[in-house]
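For reference, the structure discussed in these notes is given below.
In what follows, every heavy atom counts, from backbone to side chain, and hydrogens, waters and symmetry copies are set aside. Order of appearance sets the numbers: ligands from 1, and atoms from 1 within every ligand.
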Amino acid sequence: MKLFVYHTPESTPTGKAPDCAIAVDVLRATSTIATVLASGGEAVQAFSDLEQLIEVSEQWPPEKRLRAGERGGAKVAGFELGNSPLDCTPELVQGRRLFISTTNGTRALQKIQDSTTVLAAALINRAAVVQYLLDKQPETVWIVGSGWEGSFSLEDTACAGAIAHSVVEQSQLSLEELAGNDEVISAIALYSHWQNDLLGLFHQASHGKRLLRLECYEDLKYCAQTDILDVLPMQQELGVL
Ligand code: 3SL
């Protein structure tokens with residue numbers, strides 16, 4: 001297995017897709033996706049375009065769907081949900097499909113959607129993703145951070161590092177054998193430095209600060225937890241996890 005970390009969708013190579021690609025948007029899209037599926041949601045369908053989301057979701061019975069939309073951290077008007085994982089309770093999401101569009105996370109998913117296997121990872125479901133990699137041993141794995149509008153984000157790279165760190169610890173592979181690019185090593189270093197205070201890292205991160213201004217402290221606290229959900233969001237058909 002060779003791991004590659006890309007900080008943003010924009011820095012991810014185009015062309016030949018890998019065996020396995022993992023989208024990461026810790027704050028908050030992939031944390032929300034993992035939470036919806038762990039709470040009994042039927043599936044999550046991701047869109048980068050809001051118009052397209054509305055058009056496709058209208059073909060579903062209203063009692064079987066939920067629409068979640070976020071732009072700039074705030075909920076999109078007219079949608080039932082924004083992008084807070086804490087809103088995705090079993091009572092609300094059980095048996096329903098979540099149609100979601102967010103600023104960066106759904107774009108990261110779209111960027112890797114042609115890979116043989118597409119996963120969504122956050123800190124809260126890191127162990128499930130690592131277990132999948134250890135069991136299946138895909139030859140090439142890309143971990144793609146969502147960043148913020150094309151720029152690096154601390155929390156996504158820390159999560160990429162959390163995944164890579166755990167794979168190194170649990171596999172027979174050395175870091176040298178595993179790392180496909182330098183970004184893997186720097187992601188592990190970032191995670192190792194902050195692993196006991198991931199909430200503290202979020203407070204330093206520009207998107208963490210943006211969400212704090214929007215009074216989303218509880219979301220940050222929730223998303224900073226590691227390995228609390230045993231759920232593996234995997235693409236079943238194009239754009240549907
Ligand atoms: O950019 C995204 O995709 C989001 O997850 C941003 S937010 O956390 O909902 O503000």
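At the shortest separation from atom 7 (S) of ligand 1 among protein heavy atoms lies His207 NE2, 3.3 Å. Protein heavy atom nearest atom 1 (O) of ligand 1, with residue, atom name and distance: Asn104 ND2, 2.8 Å. Given atom 9 (O) of ligand 1, the protein heavy atom at minimum distance is Asn83 ND2, 2.7 Å.
Ligand-side atoms of ligand 1 in range of Gly105: 1 (O), 2 (C), 3 (O), range being under 4.0 angstrom from any heavy atom. Atoms of ligand 1 lying under 4.0 Å from at least one heavy atom of Leu27, given by number and element, are 4 (C), 5 (O), 6 (C), 8 (O). Set against the non-hydrogen atoms of Ala29, the atoms of ligand 1 under 4.0 Å away are 5 (O).
Remark: ligand 1 and Leu211 share no N or O pair separated by less than 3.5 Å (distance only, no angle test). For Gly72, no nitrogen or oxygen atom sits less than 3.5 Å from a nitrogen or oxygen atom of ligand 1, counting backbone and side chain alike. Residue-to-ligand polar distances keep Thr106 apart from ligand 1: every N/O pair is separated by 3.5 Å or more. Residue Arg28 has at least one N or O atom closer than 3.5 Å to an N or O atom of ligand 1.
The closest donor-acceptor contact from the side chain of Asn125 to the backbone of Leu229 lies at 3.5 Å or more, if one exists at all.
No hydrogens or angles considered: a donor-acceptor pair under 3.5 Å links the side chains of Ser101 and Arg71.
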